[in-house]
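Since the structure comes first, as structure tokens, the remarks are kept for the end.
When a residue number appears, it is its place in the shown sequence, counting from 1.
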Amino acid sequence: MSVESKKTREACCSKLKLFLASLAFVYFAKAFAGAYMKSSITQIERRFDIPSSLIGVIDGSFEMGNLLIIAFVSYFGAKLHRPRLIGIGCLIMAVGSFLVALPHFFQGQYKYETSVSHKGAVNSTETILPCLSNHSMTDADDTLDAETKLECEKAAGSPMWIYVFMGNMLRGIGETPVMPLGISYLDDFSREENTPFYLACIHTVGILGPMFGFMLGSFLSKIYVDTGFVDLDTITITYKDSRWVGAWWLGFIVTGTVVLLSSIPFFFLPKSLPKQGQEQEEIQSKSTELATKTEQEQFLPEETQEKPVKFQEMAKDFIPSLKRLFRNRIYSLIILASLVAVNGFIGLITFKPKYIEQVYGQSASKAIFLIGILNLPAVALGFITGGFMLKRFKLGVVGAARVAISASLGSFCMFAVQIFVQCDNAEVAGLTMSYQSVPQVSYNPQTLLSQCNGQCFCSVKHWDPVCAYNGMTYASPCLAGCQTSTGMGKEMVFHNCTCINEAGLAANASAVLGQCPRKDDCDMKFKIYMALSVISSFISACGGTPGYIVLLRSIQPDLKSLALGMQTLIVRTLGGIPPPIYFGALIDRTCLKWGTKHCGGRGACRLYNANAFRVTYLGMITGLYFLANTVWGFLYYSIVKRQKKIALKNQSKENGQESNAVTNGHANINIADVDDMGMECTI
């Protein structure tokens with residue numbers, strides 16, 4: 001081999017490594033932006049005063065963007081300049097992130113829900129009378145006519161969530177080329193035995209993105225949304241309050257910038273590369289154009305290879321290619337298993353911060369931080385472990401499927417156990433407890449009223465909680481029957497509260513701002529839940545790389561990009577869009593106390609029934625994972641059965657016959673009838 005040829009081959013290998021590093025960084029950047037979006041769901045819901053079902057629609061807009069172009073990008077993109085398409089996609093993702101942050105600069109300042117007496121005390125040192133000053137609030141929003149409400153909503157910027165919806169959809173459109181084109185490009189030009197390791201590296205670097213995304217979300221959720229524009233001393237709520245909104249918009253500017261930077265290397269990478277490990281004695285300056293045909297060489301007739309591929313020809317072959325792809329029974333079962341599992345995963349990750357906040361009484365900031373610092377490293381370690389097991393034990397398709405189904409079954413068991421780790425409902429008078437400290441089974445707005453606050457004429461629609469020294473939370477100072485107050489801002493204390501006296505603590509009938517913390521035993525249960533959650537994350541991630549290898553090895557090389565794109569299309573359409581919506585709608589049904597918008601009407605939920613939330617949330621996830629395990633069982637049975645048939649066929653054939661079977665593989669790629677799987681069944 002000449003020195004020049006050796007140097008050329010080394011340059012090509014270095015370009016493959018550059019592509020690998022660039023793709024890993026893009027995986028980091030898109031995961032960073034996606035995780036931050038998930039961590040900001042609660043903040044966006046509160047800022048725009050919308051229910052969980054609508055926030056589910058906004059969250060699902062990312063998958064809607066994917067749906068628009070994924071099939072065409074996957075099919076036609078495989079014939080075009082794949083690195084450049086990935087770079088363009090990153091630019092679109094960055095624009096989408098900036099668009100999500102845009103409403104903050106057009107909306108007015110955030111006005112959180114509070115009582116009249118509370119507002120008056122912010123800029124005043126005089127003692128106010130909570131009980132007597134709230135009567136004017138009673139159902140005040142009902143007196144507004146339709147025109148006044150409409151003007152008020154426009155001034156408050158209520159429809160601005162449309163920009164978040166559109167920006168998230170743009171993010172989905174931009175992310176479309178990354179996975180199908182990036183993975184197929186890498187798999188086409190790398191050694192077959194190196195692919196699992198490369199995939200594990202990409203996913204491992206990619207999992208750092210969610211870690212940083214959730215940590216950024218945790219940090220910014222403690223910073224008030226209008227920081228720099230308001231006097232923070234006048235803010236009477238803390239980041240632990242269910243009405244608090246953090247600086248959600250700032251994170252989208254940061255993530256958009258990172259995604260923008262990740263696009264740069266792809267505009268300098270070639271259209272194609274020589275296969276890794278092959279000696280290239282003659283690489284001409286136009287090798288980029290010649291090498292694009294290597295994917296199709298063994299499946300297309302000789303005369304077709306000599307002609308440049310035209311758009312009309314590609315379009316004409318699209319439907320037949322889809323038919324060939326979905327005749328593959330193994331591929332179809334993989335899609336179904338992935339679809340069901342992703343439904344559970346998306347519901348899990350979308351509402352997990354809210355679940356931790358409502359069921360275990362943790363702040364949104366702490367919930368986001370713990371997910372980023374505990375769960376995501378466990379996922380990264382799981383991806384590494386799964387890839388290492390494949391490479392170390394040289395597992396074939398059957399071995400990879402065995403690892404994947406074992407991981408899926410283990411994670412299902414962990415979710416089933418988590419259902420039984422529970423805390424009691426928060427003790428809120430008139431909602432979860434009666435005013436006599438007796439657990440309350442049913443709730444309606446009138447249960448917030450009692451003899452102890454009957455003379456105060458309180459509004460039952462507003463949420464401005466105070467914590468009494470008896471550990472009971474009251475929905476507002478007025479509903480606690482408080483007669484006087486001292487202090488101002490966050491330090492305000494309410495005294496002579498008749499409802500606290502009625503509960504049997506006449507010695508200290510005072511209350512402070514904010515909701516009461518949960519009981520001490522809830523902290524221990526929360527630690528047990530997080531431990532189970534981390535173990536579940538690790539076990540589930542161990543099956544990620546093996547499952548992906550089963551997918552890659554079950555499809556023909558010329559259909560690889562299309563297969564990955566269709567998998568992304570189907571899984572994200574049916575597994576990414578519906579779950580946040582139906583999970584959100586079901587979770588809304590467990591709400592005990594809805595907030596009230598500035599202009600009247602129902603806002604975001606302030607308090608949930610923790611037990612109903614737990615059963616609904618974890619019950620849905622466990623059920624979906626059970627169904628996914630059932631499909632994996634059929635898939636594993638199909639793979640093993642077909643592998644045995646292939647082994648028997650191979651024993652009865654000579655080497656020349658095996659070679660002919662591989663060459664004629666273009667006629668039928670159904671892995672259930674395959675004579676050409678011999679080249680695909682081992683790693």
Side-chain angles (χ1 to χ4, degrees), residues 179 196 199-200 203-204 206-207 210 329-350 352 375-391 393 395-419 531-554 564 567-568 570-572 574-576 578-579 583 617-643 671 683:
M179 193 280 288
L199 287 177
H203 286 299
T204 301
I207 206 64
R329 183 158 52 95
I330 301 297
Y331 176 77
S332 299
L333 284 173
I334 292 174
I335 294 296
L336 182 58
S338 301
L339 176 61
V340 178
V342 167
N343 265 263
F345 174 76
I346 294 297
L348 167 72
I349 197 65
T350 301
K352 187 166 187 173
N375 288 91
L376 297 181
V379 172
L381 184 60
F383 275 123
I384 295 174
T385 303
F388 174 78
M389 289 173 65
L390 292 181
K391 191 171 180 66
F393 300 106
L395 299 177
V397 172
V398 175
R402 191 177 294 122
V403 174
I405 192 173
S406 299
S408 181
L409 185 61
S411 60
F412 161 74
C413 294
M414 289 293 101
F415 284 123
V417 173
Q418 289 174 33
I419 295 179
L532 292 172
S533 177
V534 170
I535 295 171
S536 174
S537 299
F538 171 76
I539 294 174
S540 181
C542 283
T545 302
Y548 213 81
I549 290 301
V550 173
L551 173 64
L552 287 175
R553 297 294 173 257
S554 68
L564 293 176
Q567 186 231 16
T568 304
I570 295 170
V571 170
R572 285 192 165 171
L574 301 178
F583 266 81
Y617 174 75
L618 288 179
M620 286 289 296
I621 294 169
T622 304
L624 288 168
Y625 270 79
F626 174 79
L627 184 58
N629 275 283
T630 303
V631 178
W632 263 111
F634 284 111
L635 175 60
Y636 179 72
Y637 173 78
S638 300
I639 292 173
V640 171
K641 184 178 179 181
R642 187 47 45 200
Q643 191 76 355
I671 204 170
I683 299 171

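- The minimum heavy-atom distance linking S411 with S540 is given by the pair CB-CB, 3.8 Å.
- For the residue pair V571 and I335, the shortest heavy atom distance occurs at CG2-O, 4.3 Å.
- For the atom pair CE (M389) and CD1 (I384), the distance works out to 14.0 Å, reported to the nearest 0.5 Å.
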Audit row: I621, F583, side chain to side chain contact (heavy atoms under 4.5 Å, CB included) steps and yes/no: CA-CA 10 Å; I621 294 169; F583 266 81; 3.9 Å; yes

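- F626 pairs by the ring pair (Phe, Tyr, Trp, His ring centres under 6.0 Å) definition with F412, not counting sequence neighbours.
- Summarising the geometry, atom CG belonging to L390 is positioned 7.0 Å from atom OG1 belonging to T545; distances are rounded to the nearest 0.5 Å.
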Validation: residues 531-539 side-chain donor-acceptor distances under 3.5 Å, sequence neighbours left out:
residue: S533; atom: OG; partner: K352; partner atom: NZ; Å: 2.4
residue: S533; atom: OG; partner: N375; partner atom: ND2; Å: 2.7
residue: S537; atom: OG; partner: N375; partner atom: ND2; Å: 3.0
residue: S537; atom: OG; partner: S533; partner atom: O; Å: 2.9

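- Side-chain contact between T350 and P579 is absent, with no heavy-atom pair separated by less than 4.5 Å.
- Under the 4.5 Å side-chain criterion, counting only non-hydrogen atoms from C-beta, S338 is in contact with Q567.
- Taking the side chain as every heavy atom from C-beta outward, L635 and I405 never approach each other to under 4.5 Å.
- Closest heavy-atom contact between A628 and V340: N-CG1, 3.7 Å.
- With sequence neighbours left out, S408 forms a side chain to side chain donor-acceptor pair (under 3.5 Å) with N629.
- A 4.5 Å side-chain heavy-atom check between L199 and Y548 finds at least one atom pair inside the cut-off.
- When all heavy atoms are compared, the tightest approach of A400 to P546 is O-CB, 3.4 Å.
- Going from atom CZ of R553 over to atom CD1 of I639 covers 13.0 Å, rounded to the nearest 0.5 Å.
- By the side chain to side chain contact (heavy atoms under 4.5 Å, CB included) test, L376 pairs with P210, M211, F214, sequence neighbours left out.
- The environment of F345 atom CZ is sparse: at most 12 non-hydrogen atoms of other residues, nucleotides or ligands sit within 6.0 angstrom.
- For the pair I330 and R642, the minimum side-chain heavy-atom distance is 4.5 Å or more.
- The ring pair (Phe, Tyr, Trp, His ring centres under 6.0 Å) check on F415 picks up Y625, with sequence neighbours excluded.
- By the ring pair (Phe, Tyr, Trp, His ring centres under 6.0 Å) test, Y617 pairs with Y355, sequence neighbours left out.
- Side-chain contact between I334 and S554 is present, with at least one heavy-atom pair separated by less than 4.5 Å.
- The side-chain heavy atoms of L339 and V631, taken from C-beta on, include no pair separated by under 4.5 Å.
- L564 has its side chain within reach of L551: a pair of non-hydrogen atoms, C-beta onward, lies under 4.5 Å apart.
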